[in-house]
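Written below as structure tokens is the structure these notes are about.
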Amino acid sequence: MISAQAYGGNGKVKEYHYTGPVEHKFSPYAFNGGTVLAVAGEDFALVASDTRLSEGYSIHSRDSPKCYKLTDTTVIGCSGFHGDCLTLTKIIEARLKMYKHSNNKSMTSGAIAAMLSTILYGRRFFPYYVYNIIGGLDEEGDSETYKQDTYKAGGSASAMLQPLLDNQIGFKNMENVEQLPLSQEKAVQLVKDVFISAAERDVYTGDALKICIITKEGVREEIVPLRKD
Amino acid sequence: LLHNLPQGFSFENTRRNAVLEANLSEKGYSAPNARKTGTTIAGLIFKDGVILGADTRATDDMVVADKNCMKIHYISLSETFFTLPGVAADADVTTQMMSSNVELHSLSTGRPPLVAMVTRQLKQMLFRYQGHIGSSLIVGGVDVNGPQLYSIYPHGSYDKLPFLTMGSGAASAISVFEDRYKPNMELEEAKQLVRDAITAGIFCDLGSGSNVDLCVITDKTVDYLRGYDQPVQKGMRGGTYRYKPGTTAVLTKTVTPLPLDVVDESVQVMDTE
């Protein structure tokens, strides 16, 4: 049945206008969802992520964590395009081995972050579609170093988590509140609570939460179930 | 007088909107889109009538806007018709229009309305708007011809079938129906099947979630089971996130007294029987 749009105002069929060459683009990227979060306190660091892998309106996997352990003191959270996440973490792990073999020691968290920056910039004109957050412990220096509780959220629900963390950890927009430093127990509870809230409102976040807790004893993992709808 | 009034939608602003959209995209912004809800809705015919089911999540792009919205609306209470707006905000207005039209038509014919009549009015309206009204619906009800189930698409086509699903979760739900549907099922078995189909959409489709609403329609009764099942539980938060009074900073405070005089006093007794 010919639709009404094919007819012009005078009742005759409209001339077909060729609007020039039409380009059908192939996109090398996909968005696989996922949220990552890192919090650093005085003697601990946490890197947390949900475990849902999605595409479009479907779920590929309910058990695909986005935290990758790099060394005994460093964990990276990567979300975005899963293909680039896997490739990027492979490249980082290879570079870590190369560094260890030539320098006879493991890379520090800060060094890994600096190296990641150069790796990502190397692809400035065809970027890795990955949101990265590195959490880790640095070796203690002899002198007193100024530390403050730091936190960053990345990935699909980052815009929901970041303002809440600014309020609860950074004590922003509040007055007459005792500004205690963040303890490990409170930080873990806070991370669980913010992910429960993110799973309510972000369709890409859910299924389960994996928290990697980094202390001088090593890396410990905790898994918490989240909404599956 | 009636002929002078413009009929249908006014398209005066289409040229202005096209210019605005071109200007915005030059700067790298995009115009706002109509909100799609992303949904799983389903209907089936059983021994005594029709059961309609829906999830309760409404999404704004990929953020949940409403965790418990109502997607089953009724057209005509006395004659047991219910429809399920599918995937657009147009659904509310469409349902209201149909509700009044059905009432007027049945007064004019002097007969109870038929499901086929509602379907025909809906599809004629949707076709007239050439798909610009983005409603997909399932219409279900029981009339003198027995229980009937129709699905209607935004461009105006319709299907009459014993079981149907629509929305972004339709594929998940139809697979459950294709596996277990039988004609002339008993009430409890049919309710369980619709619940399972909607639940498949809730878990496997990102656009659907939260609770299952059911509506059971027979020739004698209508049972609107809002919140029939809650397959997902909200996580319990461990910390408390309350703020003491005085936490929010008051930057400036201006007090303006309003001089008011009592002019008249009257008492009206409420009837609390």
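Letters go in sequence order (proteins before strands), and every chain restarts at 1. Note that the structure is a prediction, hence the values are computed from the model and not measured.
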Are A:R52 and A:D50 ion-paired here, with the side-chain N under 4.0 Å from a carboxylate O?
-> no
Looking at B:G209, B:S210, B:A171, which has the largest count of heavy-atom pairs under 4.5 Å with chain A?
-> B:S210
Heavy-atom contact with chain B under 4.5 Å, split by part of A:K192 | neither
By a 4.5 Å heavy-atom criterion (distance strictly below it), what part of A:L226 contacts chain B: side chain, backbone, both, or neither?
-> neither
A:K210 bridged to A:E221 by N-O distance under 4.0 Å | yes
Check against side chain to side chain contact (heavy atoms under 4.5 Å, CB included), A:N132 and A:L120 | CA-CA 10 Å; A:N132 295 298; A:L120 292 174; 3.7 Å; yes
B:R120, CZ atom: more than 12 neighbouring heavy atoms under 6.0 Å = no
Please lay out, stage by stage, how B:D66 and B:R57 fare under the test salt bridge (Lys or Arg N to Asp or Glu O under 4.0 Å).
-> CA-CA 6 Å; B:D66 191 343; B:R57 172 183 281 182; over 6 Å; no
For A:N173, is it the side chain, the backbone, both or neither that has a heavy atom under 4.5 Å from a heavy atom of chain B?
-> backbone
Using a heavy-atom distance cut-off of less than 4.5 Å, which residues of residues 194-202 of chain B contact chain A?
-> B:I202
Using non-hydrogen atoms only, which part of A:D207 is less than 4.5 Å away from chain B: side chain, backbone, both, or neither?
-> neither
Just say parallel, tilted or perpendicular for the rings of A:Y129 and A:Y29, cut-offs at 30° and 60°.
-> perpendicular
Is the distance between the ring centroids of A:Y128 and A:F81 under 6.0 Å?
-> no
Please state whether the side chain, the backbone, both or neither of B:S172 comes within less than 4.5 Å of a heavy atom of chain A.
-> neither
Judged by atom type as modelled, is there a donor-acceptor pair below 3.5 Å linking the side chain of B:T247 to the main-chain atoms of B:Y243?
-> no
If you count heavy-atom pairs under 4.5 Å with chain B, which of A:L164, A:I196, A:I59, A:V177 comes out on top?
-> A:I196
Is the shortest distance from a Lys or Arg side-chain nitrogen in B:E189 or B:K191 to a carboxylate oxygen in the other one below 4.0 Å?
-> no
